[in-house]
Amino acid sequence: MEILKAEFVKGVVGGDYDIGNNLPQIAFFGRSNAGKSSVINSLARRKKLVRVSKDPGETKEANFYKINEAFYLVDFPGYGYSKHSIKMRNKMTKRLFWYVENSNVKPEAVFLIIDIKVGLTNLDREMIEKLKENNHHINIVGNKADKLGKVAREGKVSDIKKEEPKIPVLLYSAKTKEGREELVKTILKLTNCRV
Ligand SMILES: Nc1nc2c(ncn2[C@@H]2O[C@H](COP(=O)(O)OP(=O)(O)O)[C@@H](O)[C@H]2O)c(=O)[nH]1
Ligand SMILES: [Mg+2]
């Protein structure tokens, strides 16, 4: 099983996430700069699949990428963008919370992308609580693993495991592609993709 085909379909700004054909959706959440766009590009083995605006924190749409004609990866706006006013940050967080609580389409799973060197932040913790309250299936992707040595990365993973023993944590590097095979396998399994 592999990711063979990936195409941008559309961007959605809040509201209707039912984009029409009942294909399963996998949601990508994370703080701005954690590497969400890079992870999706690395999964698709494409450098520029994910539209990266000049000012990435300004992206307000949830962007849908159709994979293997079988499911969608959905890149949500990052939260906690440092250049935003607190008002704007609250607005973006509210919109993500709305999706978590009320969306007309429930994703098969939410992949929370974090910078493993930074670990979980309070914003990530808030998001995890909200996801749990609404019974979402959560996976944490500890991206930028290339920045840490073996001992440091194990320490970071065990810190997360202590806090969230039930959530799977996968070490990943969009830069070196470490963890890619496992992440692809997990996603294809969750979406029942047999291609
Ligand atoms: N060293 C390293 N840098 C990364 C990795 N993934 C992303 N980055 C860098 O982190 C920054 C933010 O990445 P981006 O994908 O735009 O993050 P997003 O805001 O979450 O979509 C960029 O400068 C990337 O080159 C990784 O696995 N390793
Ligand atoms: Mg991005």
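Just so you know, ligand 1 is whichever comes first in the structure, and atom 1 is the first atom listed for that ligand. Keep in mind the model is a prediction, meaning the values are calculated, not measured.
Here the options are Ile140, Leu171, Leu148, the test is side chain to side chain contact (heavy atoms under 4.5 Å, CB included), and the partner is Val157; only Leu171 passes. Tested against Phe76, the residues Tyr99, Trp98, Phe64 include a single ring pair (Phe, Tyr, Trp, His ring centres under 6.0 Å) partner, Tyr99.
Residue side and main chain included, Ser32 places no N/O/S atom under 2.8 Å of the Mg ion (ligand 2).
Heavy-atom contacts of Arg31 reach the following atoms of ligand 1: 20 (O) (cutoff under 4.0 Å). Against a heavy-atom cut-off of under 4.0 Å, Asp146 is close to the following atoms of ligand 1: 1 (N), 2 (C), 26 (C), 27 (O), 28 (N). Close contacts of ligand 1 with Ala174, meaning ligand atoms under 4.0 Å from a residue heavy atom, involve 6 (N), 26 (C), 27 (O).
Taking the side chain as every heavy atom from C-beta outward, Asn139 and Val169 never approach each other to under 4.5 Å. Residues Arg31 and Val118 are in side-chain contact: their nearest non-hydrogen atoms beyond the backbone lie under 4.5 Å apart. Here the side chains of Lys36 and Ile40 are not in contact, with every heavy-atom distance at 4.5 Å or above.
Ligand 1 lies within reach of Ala34, whose nearest heavy atom is under 4.0 Å from it. Contact annotation: Gly78 has no heavy atom less than 4.0 Å from any atom of ligand 1.
Taking CZ of Phe8 as the start and CG of Asn63 as the end, the distance is 4.5 Å to the nearest 0.5 Å.
In terms of polar-atom proximity, defined here as any N/O pair under 3.5 Å, Lys144 does make such a contact with ligand 1. The distance criterion of under 3.5 Å between nitrogen or oxygen atoms is not met by Tyr172 with respect to ligand 1.
Under 3.5 Å, the side chains of Tyr72 and Thr191 contain no donor-acceptor pair of N or O atoms.
Heavy atoms of Asn33 found under 4.0 angstrom from ligand 1 belong to the backbone as well as the side chain.
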